[in-house]
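Here's the structure we're looking at; comments come further down.
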Amino acid sequence: KMLITKLITKLNSELCRPIVSCVNSPTEKLAWLVSHIFTPLLKQIPSHLNNLHDYLIRLRALDNSQRQGLKFYSADVNALYTNIDPQQTINDLINMLEEFWDEVPHYGLKLSDIKQLLDVVFSNCYFVYDSVVYLQLLGLFMGLRPSPIGAIVRVYTFERNSIYIDVTFITCYARYIDDIGDLQKSLEDAEKCLDMIADSDPDKRISFEIDFPTEEKEFIPFLNSEIKIDEDGVLSTRLFRKPQKKLITLHFNSHHPMKTKINTVRNSYREALFIASSDQEEDSMKMVDTLYINCGYKHPRDFISSHKTFNPN
C-alpha cells in the first residue's frame, strides 16, 4: 500500500494528542529492545518514581521537624510528550547510556548501533486517522514503548542542569513521568523551583500547572492519593479518586474467576491502607466500600474477610 505521510500540526498542538498503540507496528520489536536497554537507567535518576508507594515512603521517612514549615504541592508538566524534541531526547538517552554503560544490558551492540535503533524507532511513528496514514513529526509518540523512558530522561536533563546543582533547595522533590510532588515553604518557592527546570529547556516549551494549598486543612492530589502537611510538620495522607473516574471496577457478576475478584478487592483495600495515614484510614476504606458496593459486592469487606487470602497488613 502507498504510505501517505503528512505533518498534522493540529493533532500535535493544543487541540488533541494522538495516543495510538504501536502493537504490531513495523518498529514494535525494535522498540521492545530499546526499552530493555534503557529501562535500567531509571535507577540512576534521583527524581524518578516507580509508583506512589515510593514517594509516600520518602515522605514518611522525614521527621515532623524536617517537614515543619513546608507545604506539599503537586505539579503537572503541560503536554510533556508533544513538547519534547525527539532528537534532543535521543541525544540525552545516548549521553546517559554512555555514562552508565556498565549498568545496562547492551546485547553486544555498540553505542553507535543503539543510536541508530533510537533514530529508527523515534522517527517512524505512524498512525491512521480517517483512513489516512500519518507520520508524527512533532514530539514523542505516546503509544511508543520507549517514549516514557525518553520523557523521563529528557526532563531529568533539565533537572540536572538546574535544581540538582544546588540540592539544598529541594527537600522531597520527585516525579512520576510528568507528575511532580515536592515540599516548599510557599507558592513563590514552588514556582521558583519549577521555573529553574523550565528555563533549562533550550526550546522553552516546558511549562507546569501547580496545585499549591491555599489554606491549612487543604489536601493536594498526587497520583491516587491526597497529601497534607500541617504547620507542625504532621503528615496526613488519604486515598484519592479523580472526579471524572466512574465508580466502575471488576463487577461481581463478571465471568472472571472468583480468585481474580478476591484478589482485586483485596488489593484495593491493601492500597487504601498503605496510602492512608492513621487519621484518614477509615475514610479511605469507605471509598473502597463505595466503589465495590456500586459494582455488586453487597458487603465487600465481609466478602474479603471470608477468604483466607485476605491480609490487609
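This chain uses plain numbering: 1 for the first residue, then up along the sequence. Everything numeric in this text was worked out from a predicted model, so none of it was measured.
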Between I229 and the options L62, N64, V234, L183, the side chain to side chain contact (heavy atoms under 4.5 Å, CB included) test singles out L183
Can you tell me how far OG of S147 sits from CZ of F122, rounded to the nearest 0.5 angstrom?
-> 5.0 Å
Presence of salt bridge, D289 and R301, under 4.0 angstrom = yes
Validation row: Y297, H251 side chains within 4.5 angstrom (heavy atoms) = no
Salt-bridge test for K115 and D119: reply yes if a basic N is under 4.0 Å from a carboxylate O, no otherwise.
-> yes
Does F222 have its ring centroid less than 6.0 Å away from the ring centroid of Y55?
-> yes
Do K185 and E231 meet the salt-bridge criterion of a basic N to acidic O distance under 4.0 Å?
-> no
Closest non-hydrogen atom pair, P221 against D211 | CD-OD2, 3.5 Å
Looking at F212, is K71 sitting on its ring face, NZ or CZ under 6.0 Å from the six-membered ring centre and within 45 degrees of the normal?
-> no
Counting heavy atoms not belonging to K204, are there more than 12 under 6.0 Å from its NZ?
-> yes
Would you indicate whether Y176, at its atom OH, is surrounded by more than 12 heavy atoms from other residues, nucleotides or ligands within a distance under 6.0 Å?
-> no
Heavy-atom neighbours of E216 CD exceed 12 at 6.0 Å = yes
For the atom pair CD (E209) and CD1 (I180), what is the distance rounded to the nearest 0.5 Å?
-> 11.5 Å
Proximity of F274 and H53 rings by center, below 6.0 Å | yes
Check whether any side-chain heavy atom of P40 sits under 4.5 Å from a side-chain heavy atom of F100, and report yes or no.
-> no
Look at the side chain of N83 and the backbone N and O of A79, then say whether any donor-acceptor pair between them is shorter than 3.5 Å.
-> yes
Are Y269 and S284 side-chain neighbours, meaning at least one heavy-atom pair lies under 4.5 Å?
-> no
Should we say atom NE2 of H299 is surrounded by more than 12 heavy atoms from elsewhere, each under 6.0 Å from it?
-> no
Salt bridge check: are K43 and E103 linked by an N-O gap of less than 4.0 Å?
-> no
Working to the nearest 0.5 Å, report the span between CG of L59 and OG1 of T237.
-> 8.5 Å
In N91, D92, T89, the residue satisfying side chain to side chain donor-acceptor pair (under 3.5 Å) with T157 is D92
Kindly compute the distance separating CG (L250) from CG (N263), expressed to the nearest 0.5 Å.
-> 10.5 Å
